[in-house]
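One structure is given below, encoded as C-alpha coordinates.
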Amino acid sequence: MKVAIVGGGAVGVTAAYDLARRDEEVVVYEKDDIAGGSTGRAAGVLYDAFAAPEDARVGDRAIERFREFSGEGDFEFRETPYVWFAHEGDERRAEAIREQVPRMQDAGRNVALADPEDLRERFPAVDWSDVGVAAVAENAGHTDPASYAALLARKAEDAGAEIRTDTEVRLDADALAVERVGRAGEDEEATGDSDESESFDAILVAAGAHTKRLLAVAGIPVPLKPYRVQALTAGFDAGRREDLPMCYDATAGYYLRPHPEGLLAGDGTEEVESDPDDWTREADREFCEMTCERLGRRLGEFGAVREAWAGLCVATPDRDPLLGELREGLHVAAGWQGHGFMRAPALGEAAAEAVLGENPLPEFDPTRFDGDEEFDIAEGMSVE
Ligand SMILES: Cc1cc2nc3c(=O)[nH]c(=O)nc-3n(C[C@H](O)[C@H](O)[C@H](O)COP(=O)(O)OP(=O)(O)OC[C@H]3O[C@@H](n4cnc5c(N)ncnc54)[C@H](O)[C@@H]3O)c2cc1C
(Lines give C-alpha, C1' and ligand atoms only; values in the text may rest on other atoms or scores of the structure.)
Protein backbone atom coordinates (compact mmCIF):
# COMPACT_ATOMS: atom_id res chain seq x y z
CA MET A 1 0.00 0.00 0.00
CA LYS A 2 1.29 3.47 -0.88
CA VAL A 3 0.56 5.95 1.91
CA ALA A 4 1.12 9.71 2.17
CA ILE A 5 1.39 11.25 5.61
CA VAL A 6 0.98 15.02 5.83
CA GLY A 7 2.78 16.25 8.93
CA GLY A 8 6.14 15.35 10.43
CA GLY A 9 5.19 15.89 14.06
CA ALA A 10 5.28 13.23 16.75
CA VAL A 11 2.10 11.58 15.49
CA GLY A 12 2.98 11.62 11.78
CA VAL A 13 6.47 10.17 12.21
CA THR A 14 5.20 7.49 14.59
CA ALA A 15 2.56 6.46 12.04
CA ALA A 16 5.25 6.49 9.33
CA TYR A 17 7.44 4.16 11.38
CA ASP A 18 4.57 1.80 12.15
CA LEU A 19 3.55 1.61 8.50
CA ALA A 20 7.08 1.30 7.14
CA ARG A 21 8.01 -1.50 9.54
CA ARG A 22 5.03 -3.37 8.15
CA ASP A 23 6.56 -2.94 4.69
CA GLU A 24 4.10 -0.33 3.46
CA GLU A 25 5.40 2.34 1.07
CA VAL A 26 5.32 5.64 2.99
CA VAL A 27 6.05 9.25 2.09
CA VAL A 28 5.96 11.90 4.84
CA TYR A 29 5.42 15.51 3.73
CA GLU A 30 6.52 18.14 6.22
CA LYS A 31 6.40 21.82 5.33
CA ASP A 32 9.03 22.69 7.88
CA ASP A 33 11.50 20.44 9.68
CA ILE A 34 10.60 17.32 11.63
CA ALA A 35 8.95 18.58 14.86
CA GLY A 36 8.68 22.05 13.29
CA GLY A 37 5.04 22.37 14.45
CA SER A 38 3.58 21.90 17.93
CA THR A 39 5.78 18.93 18.77
CA GLY A 40 8.90 21.10 18.86
CA ARG A 41 7.13 23.53 21.21
CA ALA A 42 5.62 20.97 23.60
CA ALA A 43 6.53 20.74 27.25
CA GLY A 44 7.22 17.01 27.16
CA VAL A 45 5.08 16.11 30.19
CA LEU A 46 4.10 12.45 29.87
CA TYR A 47 1.69 10.38 31.95
CA ASP A 48 -0.92 7.66 31.58
CA ALA A 49 -3.37 9.02 34.20
CA PHE A 50 -6.59 8.77 32.22
CA ALA A 51 -9.89 7.35 33.44
CA ALA A 52 -11.88 6.47 30.30
CA PRO A 53 -10.97 2.91 29.20
CA GLU A 54 -9.88 3.94 25.67
CA ASP A 55 -7.76 6.82 27.03
CA ALA A 56 -6.21 4.52 29.64
CA ARG A 57 -5.38 1.99 26.92
CA VAL A 58 -3.74 4.69 24.80
CA GLY A 59 -1.86 6.11 27.81
CA ASP A 60 -0.64 2.67 28.80
CA ARG A 61 0.65 1.85 25.33
CA ALA A 62 2.28 5.27 24.95
CA ILE A 63 4.26 4.94 28.18
CA GLU A 64 5.20 1.37 27.24
CA ARG A 65 6.66 2.59 23.95
CA PHE A 66 8.38 5.63 25.50
CA ARG A 67 10.15 3.16 27.80
CA GLU A 68 10.98 0.87 24.88
CA PHE A 69 12.49 3.70 22.77
CA SER A 70 14.30 5.41 25.65
CA GLY A 71 18.07 5.37 25.18
CA GLU A 72 17.87 5.18 21.38
CA GLY A 73 19.39 8.19 19.62
CA ASP A 74 19.08 11.30 21.80
CA PHE A 75 15.70 10.27 23.15
CA GLU A 76 15.47 9.74 26.88
CA PHE A 77 12.29 9.15 28.89
CA ARG A 78 13.05 10.48 32.38
CA GLU A 79 10.73 8.69 34.79
CA THR A 80 9.27 11.22 37.25
CA PRO A 81 5.99 11.01 39.21
CA TYR A 82 3.17 13.38 38.29
CA VAL A 83 1.24 15.08 41.09
CA TRP A 84 -1.98 16.98 40.47
CA PHE A 85 -3.82 18.84 43.17
CA ALA A 86 -6.50 21.32 44.23
CA HIS A 87 -6.01 24.04 46.83
CA GLU A 88 -7.75 23.92 50.18
CA GLY A 89 -11.19 25.45 49.75
CA ASP A 90 -11.44 24.54 46.04
CA GLU A 91 -14.12 21.93 46.69
CA ARG A 92 -15.19 21.59 43.08
CA ARG A 93 -11.77 20.47 41.85
CA ALA A 94 -11.04 18.51 45.04
CA GLU A 95 -14.21 16.51 44.44
CA ALA A 96 -13.26 15.99 40.79
CA ILE A 97 -9.86 14.56 41.81
CA ARG A 98 -11.45 12.32 44.49
CA GLU A 99 -13.84 11.04 41.84
CA GLN A 100 -11.20 10.61 39.09
CA VAL A 101 -8.71 8.55 41.03
CA PRO A 102 -10.83 5.42 41.67
CA ARG A 103 -11.97 5.50 38.03
CA MET A 104 -8.32 5.64 36.91
CA GLN A 105 -7.50 2.78 39.29
CA ASP A 106 -10.39 0.75 37.85
CA ALA A 107 -8.84 1.39 34.43
CA GLY A 108 -5.57 -0.13 35.71
CA ARG A 109 -3.59 3.08 36.23
CA ASN A 110 -1.01 3.25 39.01
CA VAL A 111 -2.43 6.36 40.66
CA ALA A 112 -3.43 7.11 44.25
CA LEU A 113 -4.71 9.96 46.38
CA ALA A 114 -1.84 11.44 48.39
CA ASP A 115 -1.76 13.08 51.77
CA PRO A 116 -0.05 16.52 51.66
CA GLU A 117 2.10 15.40 54.66
CA ASP A 118 3.41 12.45 52.62
CA LEU A 119 4.04 14.72 49.65
CA ARG A 120 6.12 17.00 51.87
CA GLU A 121 8.35 14.07 52.80
CA ARG A 122 8.59 12.62 49.34
CA PHE A 123 9.02 15.88 47.41
CA PRO A 124 10.58 18.46 49.76
CA ALA A 125 11.38 20.92 46.95
CA VAL A 126 7.70 21.88 46.74
CA ASP A 127 5.57 23.89 49.18
CA TRP A 128 2.44 21.78 49.68
CA SER A 129 0.96 23.89 52.51
CA ASP A 130 -2.07 25.17 50.54
CA VAL A 131 -2.94 21.76 49.05
CA GLY A 132 -6.30 20.26 49.99
CA VAL A 133 -6.54 17.15 47.79
CA ALA A 134 -3.75 15.65 45.68
CA ALA A 135 -3.10 12.53 43.62
CA VAL A 136 0.08 10.94 42.27
CA ALA A 137 0.56 9.05 39.01
CA GLU A 138 3.63 6.82 39.07
CA ASN A 139 3.78 5.95 35.36
CA ALA A 140 4.95 9.35 34.23
CA GLY A 141 8.00 11.27 33.13
CA HIS A 142 9.33 13.93 30.83
CA THR A 143 11.46 14.26 27.74
CA ASP A 144 12.55 16.59 24.97
CA PRO A 145 9.73 16.13 22.41
CA ALA A 146 11.92 17.00 19.42
CA SER A 147 14.30 14.16 20.30
CA TYR A 148 11.38 11.70 20.15
CA ALA A 149 10.28 12.97 16.73
CA ALA A 150 13.86 12.88 15.41
CA LEU A 151 14.26 9.29 16.60
CA LEU A 152 10.99 8.08 15.12
CA ALA A 153 11.70 9.87 11.82
CA ARG A 154 15.05 8.09 11.68
CA LYS A 155 13.49 4.73 12.55
CA ALA A 156 10.84 5.31 9.86
CA GLU A 157 13.56 6.03 7.30
CA ASP A 158 15.55 2.99 8.41
CA ALA A 159 12.38 0.95 7.85
CA GLY A 160 12.08 2.36 4.30
CA ALA A 161 9.90 5.48 4.63
CA GLU A 162 10.72 8.57 2.59
CA ILE A 163 10.65 11.84 4.49
CA ARG A 164 10.38 15.07 2.56
CA THR A 165 10.94 18.09 4.77
CA ASP A 166 10.50 21.70 3.55
CA THR A 167 7.65 20.36 1.46
CA GLU A 168 4.24 21.92 1.93
CA VAL A 169 1.37 20.11 0.26
CA ARG A 170 -2.34 20.48 -0.27
CA LEU A 171 -4.86 17.71 -0.79
CA ASP A 172 -6.89 16.55 -3.73
CA ALA A 173 -9.27 14.47 -1.67
CA ASP A 174 -11.24 13.06 -4.62
CA ALA A 175 -8.13 11.83 -6.43
CA LEU A 176 -6.40 10.77 -3.18
CA ALA A 177 -3.46 12.87 -4.27
CA VAL A 178 -1.20 15.45 -2.69
CA GLU A 179 0.13 18.45 -4.56
CA ARG A 180 3.21 20.32 -3.62
CA VAL A 181 2.54 23.96 -2.81
CA GLY A 182 5.11 26.12 -4.55
CA ARG A 183 7.18 28.80 -2.88
CA ALA A 184 8.24 32.10 -4.34
CA GLY A 185 11.72 32.00 -5.80
CA GLU A 186 11.83 28.23 -5.93
CA ASP A 187 10.59 25.92 -8.61
CA GLU A 188 7.15 27.48 -8.76
CA GLU A 189 5.38 30.79 -9.10
CA ALA A 190 4.63 33.02 -6.15
CA THR A 191 0.96 32.21 -6.71
CA GLY A 192 1.40 28.91 -4.88
CA ASP A 193 0.14 27.02 -7.92
CA SER A 194 1.62 23.64 -8.41
CA ASP A 195 1.65 20.96 -11.03
CA GLU A 196 3.44 18.39 -8.91
CA SER A 197 0.83 15.86 -7.87
CA GLU A 198 1.25 12.35 -6.54
CA SER A 199 -1.47 9.74 -6.00
CA PHE A 200 -1.70 7.32 -3.10
CA ASP A 201 -3.81 4.41 -1.88
CA ALA A 202 -4.31 6.27 1.40
CA ILE A 203 -3.54 9.66 2.88
CA LEU A 204 -3.15 10.36 6.59
CA VAL A 205 -3.54 14.01 7.58
CA ALA A 206 -1.60 14.53 10.82
CA ALA A 207 -1.01 18.22 10.25
CA GLY A 208 -1.65 19.43 13.80
CA ALA A 209 -3.02 22.97 13.94
CA HIS A 210 -3.24 23.08 10.11
CA THR A 211 -5.41 19.97 9.83
CA LYS A 212 -8.72 21.83 9.73
CA ARG A 213 -7.50 24.32 7.09
CA LEU A 214 -5.90 21.63 4.93
CA LEU A 215 -9.08 19.58 4.92
CA ALA A 216 -11.31 22.64 4.46
CA VAL A 217 -9.42 23.62 1.29
CA ALA A 218 -10.14 20.09 0.06
CA GLY A 219 -13.83 20.66 0.83
CA ILE A 220 -14.01 18.53 3.98
CA PRO A 221 -15.13 20.29 7.17
CA VAL A 222 -13.87 18.97 10.53
CA PRO A 223 -14.65 20.43 13.96
CA LEU A 224 -11.15 21.38 15.12
CA LYS A 225 -10.02 24.66 16.68
CA PRO A 226 -6.37 25.58 17.22
CA TYR A 227 -5.72 27.54 20.41
CA ARG A 228 -2.61 29.15 21.84
CA VAL A 229 -0.77 27.96 24.98
CA GLN A 230 2.52 29.07 26.54
CA ALA A 231 5.51 27.72 28.41
CA LEU A 232 8.86 28.86 29.82
CA THR A 233 12.06 27.43 31.22
CA ALA A 234 13.90 28.88 34.21
CA GLY A 235 16.89 27.99 36.34
CA PHE A 236 16.41 25.73 39.35
CA ASP A 237 19.00 24.35 41.73
CA ALA A 238 20.29 20.98 40.50
CA GLY A 239 20.22 19.46 44.00
CA ARG A 240 16.59 20.45 44.63
CA ARG A 241 15.64 19.29 41.13
CA GLU A 242 16.07 15.70 42.37
CA ASP A 243 13.14 16.32 44.75
CA LEU A 244 10.88 17.92 42.16
CA PRO A 245 8.00 15.89 40.72
CA MET A 246 5.96 17.06 37.75
CA CYS A 247 3.02 19.07 39.12
CA TYR A 248 -0.31 20.33 37.86
CA ASP A 249 -1.97 22.92 40.06
CA ALA A 250 -5.59 22.41 39.03
CA THR A 251 -6.83 25.41 41.03
CA ALA A 252 -4.38 27.91 39.54
CA GLY A 253 -4.21 26.08 36.18
CA TYR A 254 -0.46 25.71 35.53
CA TYR A 255 2.04 22.84 35.41
CA LEU A 256 5.75 22.47 36.06
CA ARG A 257 8.38 19.81 35.59
CA PRO A 258 12.11 19.35 36.08
CA HIS A 259 14.18 20.29 33.03
CA PRO A 260 17.84 19.45 32.33
CA GLU A 261 18.69 23.15 32.81
CA GLY A 262 16.29 23.87 35.67
CA LEU A 263 12.54 23.69 35.36
CA LEU A 264 9.82 24.12 32.76
CA ALA A 265 6.39 25.58 33.50
CA GLY A 266 3.35 26.19 31.34
CA ASP A 267 -0.17 27.45 31.10
CA GLY A 268 -1.36 30.64 29.44
CA THR A 269 -4.12 28.90 27.56
CA GLU A 270 -6.16 31.26 25.40
CA GLU A 271 -9.58 29.76 24.96
CA VAL A 272 -10.12 31.43 21.59
CA GLU A 273 -9.54 30.01 18.12
CA SER A 274 -6.16 30.91 16.60
CA ASP A 275 -5.31 31.28 12.94
CA PRO A 276 -2.66 28.53 12.38
CA ASP A 277 -0.74 30.86 10.04
CA ASP A 278 -1.00 34.04 12.06
CA TRP A 279 -0.36 33.85 15.78
CA THR A 280 2.17 35.25 18.24
CA ARG A 281 5.08 32.83 18.72
CA GLU A 282 6.56 34.70 21.67
CA ALA A 283 5.12 34.31 25.16
CA ASP A 284 3.17 37.23 26.62
CA ARG A 285 4.83 39.28 29.33
CA GLU A 286 1.79 38.73 31.61
CA PHE A 287 2.20 34.97 31.27
CA CYS A 288 5.86 35.16 32.29
CA GLU A 289 5.15 37.44 35.25
CA MET A 290 2.25 35.37 36.52
CA THR A 291 4.17 32.11 36.12
CA CYS A 292 7.19 33.48 38.00
CA GLU A 293 4.94 34.63 40.82
CA ARG A 294 3.33 31.20 41.05
CA LEU A 295 6.69 29.40 40.90
CA GLY A 296 8.02 31.64 43.66
CA ARG A 297 5.09 30.75 45.88
CA ARG A 298 5.34 27.02 45.14
CA LEU A 299 9.13 26.54 45.09
CA GLY A 300 10.66 29.50 46.89
CA GLU A 301 13.89 30.38 45.10
CA PHE A 302 14.43 29.65 41.44
CA GLY A 303 16.63 31.11 38.71
CA ALA A 304 16.05 33.53 35.84
CA VAL A 305 13.70 32.78 32.96
CA ARG A 306 15.76 31.35 30.07
CA GLU A 307 13.25 30.87 27.30
CA ALA A 308 9.53 31.60 26.96
CA TRP A 309 7.37 30.69 23.98
CA ALA A 310 3.87 29.97 22.71
CA GLY A 311 2.49 27.20 20.52
CA LEU A 312 -0.81 25.79 19.32
CA CYS A 313 -2.95 22.96 20.63
CA VAL A 314 -6.14 21.76 18.95
CA ALA A 315 -9.59 21.36 20.53
CA THR A 316 -12.58 19.24 19.51
CA PRO A 317 -16.25 19.52 20.55
CA ASP A 318 -16.10 16.56 22.99
CA ARG A 319 -12.38 16.85 23.92
CA ASP A 320 -11.73 13.48 22.23
CA PRO A 321 -9.52 13.33 19.13
CA LEU A 322 -10.44 12.71 15.53
CA LEU A 323 -8.58 9.56 14.55
CA GLY A 324 -9.58 7.30 11.69
CA GLU A 325 -11.01 7.29 8.18
CA LEU A 326 -12.97 10.39 7.13
CA ARG A 327 -13.86 9.13 3.68
CA GLU A 328 -12.49 6.26 1.63
CA GLY A 329 -8.70 6.27 1.85
CA LEU A 330 -8.54 9.65 3.59
CA HIS A 331 -7.59 9.51 7.27
CA VAL A 332 -7.16 12.13 9.96
CA ALA A 333 -5.26 12.15 13.27
CA ALA A 334 -5.61 15.42 15.20
CA GLY A 335 -7.40 17.22 18.03
CA TRP A 336 -5.42 16.19 21.09
CA GLN A 337 -6.48 18.94 23.51
CA GLY A 338 -2.88 19.49 24.65
CA HIS A 339 -2.25 15.75 25.22
CA GLY A 340 -0.94 14.82 21.79
CA PHE A 341 2.71 14.39 22.53
CA MET A 342 2.33 12.16 25.58
CA ARG A 343 0.03 9.86 23.59
CA ALA A 344 1.84 10.07 20.22
CA PRO A 345 3.51 6.62 20.36
CA ALA A 346 0.07 5.03 20.73
CA LEU A 347 -1.94 7.46 18.57
CA GLY A 348 0.51 7.26 15.68
CA GLU A 349 0.45 3.49 15.93
CA ALA A 350 -3.37 3.48 16.00
CA ALA A 351 -3.49 5.84 13.01
CA ALA A 352 -1.23 3.43 11.09
CA GLU A 353 -3.46 0.50 12.04
CA ALA A 354 -6.55 2.43 10.91
CA VAL A 355 -4.91 3.08 7.53
CA LEU A 356 -4.40 -0.68 7.24
CA GLY A 357 -8.11 -1.28 7.77
CA GLU A 358 -8.11 -2.10 11.47
CA ASN A 359 -10.32 -0.22 13.89
CA PRO A 360 -8.23 0.21 17.02
CA LEU A 361 -10.01 3.25 18.49
CA PRO A 362 -13.65 3.34 17.36
CA GLU A 363 -14.35 5.90 20.13
CA PHE A 364 -12.33 8.48 18.18
CA ASP A 365 -14.04 7.86 14.82
CA PRO A 366 -13.94 11.26 13.06
CA THR A 367 -17.25 10.66 11.31
CA ARG A 368 -19.07 11.05 14.64
CA PHE A 369 -19.23 14.75 13.73
CA ASP A 370 -20.69 16.53 10.72
CA GLY A 371 -17.85 19.02 10.76
CA ASP A 372 -19.85 22.21 11.26
CA GLU A 373 -20.44 21.84 15.03
CA GLU A 374 -20.36 24.99 17.16
CA PHE A 375 -18.33 24.55 20.34
CA ASP A 376 -16.27 26.36 22.94
CA ILE A 377 -12.61 25.54 23.46
CA ALA A 378 -12.09 23.76 26.79
CA GLU A 379 -8.56 23.63 28.17
CA GLY A 380 -7.21 20.07 28.00
CA MET A 381 -5.65 19.57 31.43
CA SER A 382 -8.42 21.23 33.44
CA VAL A 383 -9.97 19.21 36.25
CA GLU A 384 -13.66 20.03 36.57
C1 LIG B 1 3.60 25.08 24.80
C2 LIG B 1 3.04 23.71 24.55
C3 LIG B 1 3.19 22.73 25.52
C4 LIG B 1 2.69 21.45 25.29
N5 LIG B 1 2.95 20.48 26.21
C6 LIG B 1 2.54 19.23 26.00
C7 LIG B 1 2.86 18.20 26.91
O8 LIG B 1 3.55 18.43 27.90
N9 LIG B 1 2.39 16.95 26.68
C10 LIG B 1 1.62 16.67 25.59
O11 LIG B 1 1.19 15.55 25.44
N12 LIG B 1 1.34 17.61 24.68
C13 LIG B 1 1.77 18.88 24.86
N14 LIG B 1 1.47 19.85 23.95
C15 LIG B 1 0.65 19.48 22.78
C16 LIG B 1 1.54 18.82 21.73
O17 LIG B 1 2.50 19.73 21.28
C18 LIG B 1 0.71 18.36 20.53
O19 LIG B 1 -0.48 17.73 20.97
C20 LIG B 1 1.50 17.38 19.67
O21 LIG B 1 2.81 17.83 19.46
C22 LIG B 1 0.79 17.18 18.37
O23 LIG B 1 1.60 16.43 17.49
P24 LIG B 1 1.16 16.28 15.98
O25 LIG B 1 2.14 15.40 15.33
O26 LIG B 1 -0.28 15.90 15.93
O27 LIG B 1 1.20 17.78 15.41
P28 LIG B 1 2.44 18.73 15.04
O29 LIG B 1 3.61 18.48 15.89
O30 LIG B 1 1.89 20.11 15.01
O31 LIG B 1 2.82 18.27 13.59
C32 LIG B 1 2.06 18.63 12.46
C33 LIG B 1 3.03 18.96 11.36
O34 LIG B 1 2.32 19.16 10.14
C35 LIG B 1 3.04 20.08 9.39
N36 LIG B 1 2.14 20.60 8.35
C37 LIG B 1 1.04 21.36 8.53
N38 LIG B 1 0.48 21.63 7.34
C39 LIG B 1 1.23 21.04 6.39
C40 LIG B 1 1.17 20.99 4.97
N41 LIG B 1 0.18 21.59 4.28
N42 LIG B 1 2.12 20.29 4.31
C43 LIG B 1 3.13 19.67 4.98
N44 LIG B 1 3.23 19.71 6.32
C45 LIG B 1 2.30 20.38 7.02
C46 LIG B 1 3.47 21.12 10.40
O47 LIG B 1 4.58 21.88 9.96
C48 LIG B 1 3.79 20.26 11.61
O49 LIG B 1 5.17 19.96 11.74
C50 LIG B 1 1.97 21.14 24.11
C51 LIG B 1 1.82 22.13 23.14
C52 LIG B 1 2.36 23.40 23.34
C53 LIG B 1 2.21 24.40 22.24
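The residues of the chain are indexed from 1 along the displayed sequence. All ligand and atom numbering here is 1-based and tracks the order in the structure. Values below: every heavy atom of this structure, side chains too, minus hydrogens, waters and symmetry copies.
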Please determine whether a side-chain nitrogen of the Lys or Arg among Arg240 and Glu242 lies less than 4.0 Å from a carboxylate oxygen of the Asp or Glu. no

Under 3.5 Å side-chain donor-acceptor pair for Gln230 and Asp267: no

Cation over ring, Arg21 on Tyr17, under 6.0 Å and within 45°? yes

Heavy atom of the protein closest to atom 29 (O) of ligand 1 (residue, atom name, distance): Thr39 OG1, 2.5 Å

Can you report which non-hydrogen protein atom sits closest to atom 31 (O) of ligand 1, along with the distance? Gly9 CA, 3.4 Å

What I want to know is whether Ser38 and ligand 1 share at least one N or O pair that is separated by under 3.5 angstrom. yes

Is there a polar contact, in the sense of an N or O pair closer than 3.5 Å, between Gly340 and ligand 1? yes

For a quick check under 3.5 Å, do Asp74 and Ser147 share a side-chain donor-acceptor pair by atom type? no

Out of Glu30, Arg180, Met342, who gets a non-hydrogen atom closest to atom 35 (C) of ligand 1? Glu30

Tell me the contacting part of Thr167 for ligand 1: side chain, backbone, both, or neither, using a 4.0 Å heavy-atom threshold, strictly below. backbone

May I ask you to identify the nearest protein heavy atom to atom 27 (O) of ligand 1, giving residue, atom name and distance to one decimal place in Å? Gly208 CA, 3.7 Å

For atom 34 (O) of ligand 1, what's the nearest protein heavy atom and its distance? Gly7 CA, 3.2 Å

In terms of relative ring orientation, are Phe85 and Trp128 parallel, tilted or perpendicular, with 30° and 60° separating the classes? perpendicular

Quick test of your reading of the structure: of Val181, Leu312, Val229, whose heavy atom lies closest to atom 52 (C) of ligand 1? Val229

When you measure from atom 20 (C) of ligand 1 to every protein heavy atom, which one gives the shortest distance, and what is it? Phe341 N, 3.7 Å

Check: Lys155 and Glu72 side chains under 4.5 Å, non-hydrogen atoms: yes

Regarding ligand 1, does Gln230 bring an N or O atom to under 3.5 Å of one of the ligand's N or O atoms? no

Proximity winner for atom 2 (C) of ligand 1, if only heavy atoms of Arg41, His142, Gln337 are counted: Arg41

Purely on distance, is any nitrogen or oxygen of Ala333 under 3.5 Å from one on ligand 1? no

Indicate yes or no: does an N/O atom of Ala10 lie under 3.5 Å from an N/O atom of ligand 1? yes

Within the structure, does Ala43 bring an N/O atom to less than 3.5 angstrom of an N/O atom in ligand 1? yes

Could you work out, for atom 13 (C) of ligand 1, the closest of Gly338, Ala351, Ala344 by heavy-atom distance? Gly338

So, the side chain of Asp370 versus the backbone of Asp372: is there a donor-acceptor pair under 3.5 Å, distance only? no

Examine ligand 1 and decide if any of its atoms is less than 4.0 Å from a heavy atom belonging to Cys313. yes

Please check whether Lys31 reaches ligand 1 - meaning an N/O of the residue sits under 3.5 Å from an N/O of the ligand, judged on distance alone. yes

Residue, atom and distance of the protein heavy atom nearest atom 40 (C) of ligand 1 read Val169 O, 3.7 Å

Non-hydrogen atoms of Ile97 and Leu113 that approach each other most closely: CG2-CD2, 4.0 Å

Residue-level breakdown please: for Ala334 versus ligand 1, do any non-hydrogen atoms fall below 4.0 Å on the side chain, on the backbone, on both, or on neither? neither

Pair Tyr255 and Trp84, ring centroids less than 6.0 Å apart: no

Tyr29 heavy atoms within 4.0 Å reach ligand 1 at atoms 43 (C), 44 (N)

Under 4.0 Å, heavy-atom basis, I'd like to know which part of Trp336 is in contact with ligand 1: side chain, backbone, both or neither. side chain

Nearest heavy-atom pair of Ala51 and Ala107: which atoms, and what distance? O-CB, 3.6 Å

With the 4.5 Å side-chain cut-off for hydrophobic clustering, are Val229 and Leu312 part of the same group? no

Does Arg343 make a cation-pi contact with Phe50 (under 6.0 Å, within 45 degrees of the axis)? yes

Ring centroid separation for Tyr148 and Phe66, is it under 6.0 angstrom? yes

For atom 8 (O) of ligand 1, what's the nearest protein heavy-atom neighbour? Residue, atom name and distance, please. Val45 N, 2.9 Å

His339-Asp55 side chain donor-acceptor pair, cut-off 3.5 Å: no

N/O separation below 3.5 Å, Val11 to ligand 1: yes

